[in-house]
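Remember, predicted model here, so these are calculated numbers, not experimental data. Every number for a ligand or one of its atoms is a count from 1 in the order of the listing.
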Amino acid sequence: MKKKNLEFETLLIHGTEYNDQWGSATVPIYQTSTFTFKNAQHGANLFAGKEKGYIYTRINNPTIDALEHQMAILEKGYGGIAFASGMAAICATYMAILQTGDHVISTNAIYGASRVVLEQWFAKFGIKSTFVDTSNISEIENNITSSTKILYIETPSNPTVKITDIKKASEIAHKNNIIVVVDNTFCSPYLQNPIELGADVVLHSTTKYINGHADVVGGIVVTAQEELYSKIRKTMIYTGSNMDPNQAFLIMRGLKTLALRMERSQQNAMRIAEFLESHPKIKKVYYPGLKTHPQYELAKKQMRGFGSMISFEMKGGYNAAIKLLNNVQVALLAVSLGGVETLIQHPASMTHASMTPQAREESFITDGLIRYSVGIENINDLLSDLQQALDKV
Ligand code: LCS
C-alpha cells in the first residue's frame with residue numbers, strides 16, 4: 001500500500017521511510033558526526049551526487065532524514081529541510097531567496113523575532129521589508145513593488161491569531177512572481193496545509209506543536225518544488241544551521257501524538273475562549289473559533305479546526321495583566337507554545353518586546369494583552385485556575 005494513501009493519523013505513526021538491518025520499530029539516533037566510505041571511489045561518488053548515502057551530519061543524517069521525509073509527506077510538499085530552530089529555518093529561507101535590493105512583504109503581527117530579523121538584520125544587507133495586515137488582501141496588493149520577492153505570511157498570527165487567506169494571497173503573489181512563504185507553526189499540518197492552498201514554502205518552529213512537549217527546540221522547512229528545496233538545503237549546509245540527531249529523534253517521538261494533542265487542546269481552547277469572552281474583566285478575546293473573530297468564516301474554511309492559541313485583552317490594561325500572570329497556578333508562566341502544558345505570557349514585555357512600540361501598536365499588541373497557549377490538561381482545572389486568578393485582579 002502506498003504511504004500517500006494513508007490517513008493523516010496513520011502517517012504520524014508510519015510516515016517515515018526508514019529501514020535498518022535490525023528492523024527497529026522506531027528510528028534510531030545516529031549519534032555520529034561523520035560516515036565512513038566503503039572506498040575512495042564511494043566517497044567521491046557521494047560528493048559528486050552520483051550515489052545516495054550519508055557523508056557528514058551537517059549535510060544529512062539518517063535520523064534527521066527520517067523527520068524531513070515525514071514532514072514533507074504531512075505537509076504535502078516536495079522535500080523537508082530540518083534546522084536547529086524555527087528562527088534558523090526562517091533565516092535560511094530568506095538567505096536562500098533574497099539578494100540586495102529585494103523587498104519582502106510580511107504579516108505585521110508575527111512572532112517578534114521573525115519581524116526583527118528583517119528590520120534589523122536583513123536590512124543591513126539592503127533588503128527592504130514592509131509589514132502589513134495580510135488578512136486584508138488589498139494591503140498586500142497595494143504594497144507590491146517590482147522588487148518584491150517574498151510574501152511572508154503567518155496565519156494564525158502570533159499573538160493576535162489573525163487569519164490570512166492563503167489561497168487568495170498566493171494567487172496575487174504568483175501573478176507578480178512573488179514566492180509565498182507560510183509560517184504554519186500555530187496550525188501544524190493537522191489543521192492546515194499551506195502548499196495545497198498555493199504556498200511555495202511552509203515552515204514551522206517544531207519547538208511547538210510538532211514536538212509538543214516543551215523539551216526540544218527545532219525548525220523545519222517544506223517546499224512545494226525541487227528548486228527551492230535545493231537552494232534552502234544548500235543554505236542550511238553552508239550556514240551550519242542543521243538540526244542534530246537527538247533533536248530529530250525527540251521531535252519524531254512527539255509528532256506521533258500530534259493529532260491526539262491537537263484535538264484535545266483545541267477542545268479545551270474553545271471552552272476557555274467562551275469562558276473568557278463572557279468574563280467581565282476581559283475586554284476582548286482573540287480566538288478564530290469565536291463567531292466574533294473577524295475571520296471566523298475564513299478560519300472555518302481554511303483550517304480543519306481552530307487550534308489552541310488564544311489572546312485576550314484585560315480591561316484593566318497592564319496592571320491587570322500582570323496581576324493575572326502572577327496568580328495563575330496551573331498554567332505555567334512561560335513563553336513558547338503548542339505543548340501539552342498550558343502556558344501563559346505577556347507579549348508586550350516578553351515574546352514581542354524586541355519589536356518597536358510603534359510596531360506593537362500597529363499590530364494590536366497592547367500592554368493589557370495576554371497570550372494563552374492551551375494544553376491538554378483537564379478543562380475543569382484550567383477554568384478554575386483562570387477563575388481564581390481573575391478573582392484576584
Ligand atoms: N514562528 C513562530 C510562529 C513562532 O511562534 C516562533 C517562536 C518561531 C517561528 C521561532 O521558532 P524557534 O526558533 O523559537 O523555534 N515563538 C515563540 C513564542 O511565541 N514564544 O517563545 C518562542
(request) Sequence neighbours left out, what passes side-chain hydrogen bond (donor to acceptor under 3.5 Å, both in side chains) with Thr26? Give chain and number order. (result) none
(request) Can you sort out the partners of Ser308 under side-chain hydrogen bond (donor to acceptor under 3.5 Å, both in side chains), two or more places apart, ordered by chain and number? (result)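 Expected list: Tyr209, Ser265.
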(request) Would you mind listing every side-chain hydrogen bond (donor to acceptor under 3.5 Å, both in side chains) that reaches into residues 266-280, with sequence neighbours excluded? (result)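 As it turns out, the side-chain hydrogen bond (donor to acceptor under 3.5 Å, both in side chains) pairs with a partner in residues 266-280, which skip direct neighbours, are Glu277-Thr292.
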Pairwise, report which nitrogen or oxygen atoms of ligand 1 are under 3.5 angstrom from protein nitrogen or oxygen atoms, and how far apart they are.
residue: ligand 1; atom: 1 (N); partner: Asp183; partner atom: OD2; Å: 2.6
residue: ligand 1; atom: 5 (O); partner: Asn158; partner atom: ND2; Å: 3.0
residue: ligand 1; atom: 11 (O); partner: Ser205; partner atom: OG; Å: 3.1
residue: ligand 1; atom: 13 (O); partner: Gly86; partner atom: N; Å: 3.0
residue: ligand 1; atom: 13 (O); partner: Met87; partner atom: N; Å: 2.8
residue: ligand 1; atom: 15 (O); partner: Gly86; partner atom: N; Å: 3.0
residue: ligand 1; atom: 15 (O); partner: Ser205; partner atom: OG; Å: 2.8
residue: ligand 1; atom: 15 (O); partner: Thr207; partner atom: OG1; Å: 2.7
residue: ligand 1; atom: 16 (N); partner: Lys208; partner atom: NZ; Å: 3.3
residue: ligand 1; atom: 19 (O); partner: Asn158; partner atom: ND2; Å: 3.1
residue: ligand 1; atom: 19 (O); partner: Arg371; partner atom: NH1; Å: 2.6
residue: ligand 1; atom: 19 (O); partner: Arg371; partner atom: NH2; Å: 3.1
residue: ligand 1; atom: 20 (N); partner: Ser336; partner atom: N; Å: 2.9
residue: ligand 1; atom: 21 (O); partner: Ser336; partner atom: N; Å: 3.0

(message) Any donor-acceptor pair under 3.5 Å linking the side-chain atoms of Asn327 with those of Gln388?
(response)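 No pair is found: no donor N or O on one side chain lies under 3.5 Å from an acceptor on the other.
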(message) Between His174 and Asp200, is there a side-chain donor-acceptor contact under 3.5 Å, judged purely by atom types and distance?
(response)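 Yes.
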(request) Anything under 30° is parallel, anything over 60° is perpendicular, the rest tilted; go ahead and classify Tyr54 against Phe35. (result) tilted
